[in-house]
2 protein chains.
Amino acid sequence: MLSKKTQYAFHALIHLAEHADKGPILISEIAQEKNISIKFLENILLELKNAGILGSKKGKGGGYYLLKAPKEIPLAKIIRLLDGAIALLPCVSLNYYERCENCRDEAVCGLNDVMSKVRDATLKILENKTLKDILTRNVSIL
Amino acid sequence: MLSKKTQYAFHALIHLAEHADKGPILISEIAQEKNISIKFLENILLELKNAGILGSKKGKGGGYYLLKAPKEIPLAKIIRLLDGAIALLPCVSLNYYERCENCRDEAVCGLNDVMSKVRDATLKILENKTLKDILTRNVSIL
DNA sequence: CATAAACTCTATAAAAAGGATAGACTTTTT
DNA sequence: AAAAAGTCTATCCTTTTTATAGAGTTTATG
């Protein structure tokens, strides 16, 4: 299950993409529209900014905005950023690998084998689907 | 990511299946072999017993044993039992569904749509692969 | 039938994660 | 200069996860 943080991030990114034509968007607008605690959302948007996905403008008329086109933002990237590993086991994670401490040899572990297949099936979707693919409205510009 | 509980459960079940010919297996034997805290493992095996997957025998010469053939135990069942939902979002879970509180209409939510696909791809593997498929040794009997 | 072996059950506690809040600070516009 | 708005750090509370302790119950067996 994805953490609340990642779930909120997706909803916020969707809102930002669907209103990209309106310039910087207020955190408070997103929070209200998507029913998310404003302060918690603040932290999340900040993380997305530090990761180079969002930009922000301070002062009056400020807010957050996408730095990239939605089609350039794979869903897997957002999950890894906020949640870490996508795989079900540390020993089959591509980006957050950890050695298995409960089995003798990962190379012949049947569990490792099956979970690798799950990982591949999941990544095939999450690495190819982007923010653009989950937008509700048609955003012709991006 | 699967919880430690589920990870340990898989390793314990593998051990039980691979030594099914030896009668009841001691908790302590599994704990030592798989490098798991004995008391924590105790709780896990008890849950598996209460779910009808394992049987136990008390007293001297006692221990735990499988109640079903490994090929009758889908991996998805174990995960759902100990971890709950397999899906990445509550709103796409088949067994632990919860309404989405951040979007207006799940029926037209792009996130819901993609995550349903991830769920289906994952379940296609986890519901068809069984304990038998992750055994390291050949257990001809079962 | 006493004893030791082994699972059962309940309670507790430590650690980590998740979720939320507060408030001072900085930047920008007007 | 003042107001608007985002930035940043620190803290706090709750829940979940992981782990441990110990008393209780059952059973084999000598």
Side-chain angles (χ1 to χ4, degrees), chain A residues 1-9 11-12 16 22-32 34-67 79 81-85 88-90 96 98 101-102, chain B residues 1-12 16 22-32 34-51 53-67 79 81-85 88-90 96 98 101-102:
Chain A
M1 191 79 73
L2 297 178
S3 69
K4 283 283 182 187
K5 221 170 173 176
T6 299
Q7 294 180 37
Y8 291 162
H11 287 289
L16 287 172
K22 301 203 186 66
I25 308 289
L26 295 185
I27 297 180
S28 56
E29 176 184 323
I30 302 172
Q32 184 168 23
K34 298 293 187 173
N35 198 31
I36 304 170
S37 145
I38 187 169
K39 280 294 188 179
F40 194 35
L41 184 56
E42 218 178 87
N43 293 328
I44 296 167
L45 295 185
L46 201 50
E47 276 194 71
L48 291 171
K49 185 198 165 186
N50 292 335
I53 293 165
L54 297 182
S56 69
K57 190 172 179 236
K58 288 185 179 180
K60 199 173 182 179
Y64 279 94
Y65 50 88
L66 289 173
L67 281 182
I79 297 176
L81 180 63
L82 296 163
D83 260 11
L88 294 181
L89 297 177
Y96 298 84
E98 283 174 46
E101 294 176 348
N102 309 116
Chain B
M1 191 80 73
L2 298 178
S3 69
K4 284 280 183 190
K5 221 169 172 177
T6 301
Q7 293 180 37
Y8 290 163
F10 277 130
H11 288 289
L16 287 171
K22 300 202 186 69
I25 308 290
L26 296 186
I27 299 177
S28 57
E29 176 184 321
I30 303 172
Q32 183 168 24
K34 299 292 186 173
N35 197 31
I36 304 172
S37 144
I38 186 168
K39 279 293 188 178
F40 192 37
L41 183 56
E42 219 177 85
N43 294 328
I44 296 167
L45 295 183
L46 203 48
E47 275 193 71
L48 290 170
K49 185 199 165 188
N50 291 335
I53 293 165
L54 297 183
S56 68
K57 191 172 178 234
K58 287 184 179 179
K60 198 170 183 179
Y64 279 95
Y65 49 88
L66 288 173
L67 281 182
I79 297 176
L81 179 64
L82 297 164
D83 260 12
L88 294 181
L89 297 178
Y96 298 85
E98 283 174 46
E101 293 176 348
N102 309 116

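Throughout, protein chains are lettered first and strands after them, A, B, ... in sequence-line order, and every chain is numbered starting at 1. Please read all numbers here as calculations on a predicted model, not as lab measurements.
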**Prompt:** Checking side-chain contact (heavy atoms from CB on, under 4.5 Å) for the pair B:Leu88/A:Thr6: CA distance, chi angles, key distance, verdict?
**Reply:** CA-CA 10 Å; B:Leu88 294 181; A:Thr6 299; over 6 Å; no

**B:Tyr64 vs B:Ile53 side-chain heavy atoms within contact, under 4.5 Å** = no

**Asked** What string of B, S and - do you get for nucleotides 24-30 of chain D 5' to 3' if you count protein non-hydrogen atoms under 4.0 Å?
**Response** --BBS--

**Message:** Under 4.0 Å, counting only non-hydrogen atoms across every strand here, what does B:Ile25 touch: a base, just sugar-phosphate, or nothing?
**Reply:** sugar-phosphate

**Spatial distance of atom CE (A:Met1) from atom CD (A:Gln7) [nearest 0.5 Å]** = 7.5 Å

**Request:** Could you check if a side-chain atom of A:Lys57 sits within less than 4.5 angstrom of a side-chain atom of A:Tyr65, using non-hydrogen atoms only?
**Result:** yes

**Prompt:** So, for A:Asn35 and B:Asn102, which heavy atoms are closest and what is the spacing to 0.1 Å?
**Reply:** O-ND2, 3.6 Å

**Prompt:** If you look at every strand shown and take non-hydrogen atoms under 4.0 Å, does B:Leu26 touch a base, only sugar-phosphate, or nothing?
**Reply:** sugar-phosphate

**Asked** Which atoms form the tightest heavy-atom contact between A:Lys34 and A:His11, and what is the distance?
**Response** CE-O, 3.4 Å

**Validation row: A:Leu54, A:Leu66 side chains within 4.5 angstrom (heavy atoms)** = yes

**Request:** Spell out protein contact along nucleotides 16-21 of chain D as letters: B when the base is contacted, S when just the sugar-phosphate is, - when no protein heavy atom is under 4.0 Å; keep the 5' to 3' order.
**Result:** --BBBB

**Message:** Rounding to an integer number of Å, can you tell me how far A:Ile27 CD1 sits from D:dA4 C1'?
**Reply:** 13 Å

**Fill in**
Its 5'-most and 3'-most nucleotides having an atom under 4.0 Å from a non-hydrogen atom of chain A, DNA chain C is contacted over C:dG19 to C:dT29

**Heavy-atom pair of closest approach, residues A:Leu45 and A:Ala12** = CD2-CB, 4.0 Å

**Asked** Which pair of heavy atoms, one from B:Leu26 and one from B:Gly62, lies closest together, and at what distance?
**Response** CD2-O, 3.5 Å

**Prompt:** Is there a donor-acceptor pair under 3.5 Å between the side chain of B:Asp83 and the backbone N or O of B:Leu2?
**Reply:** no

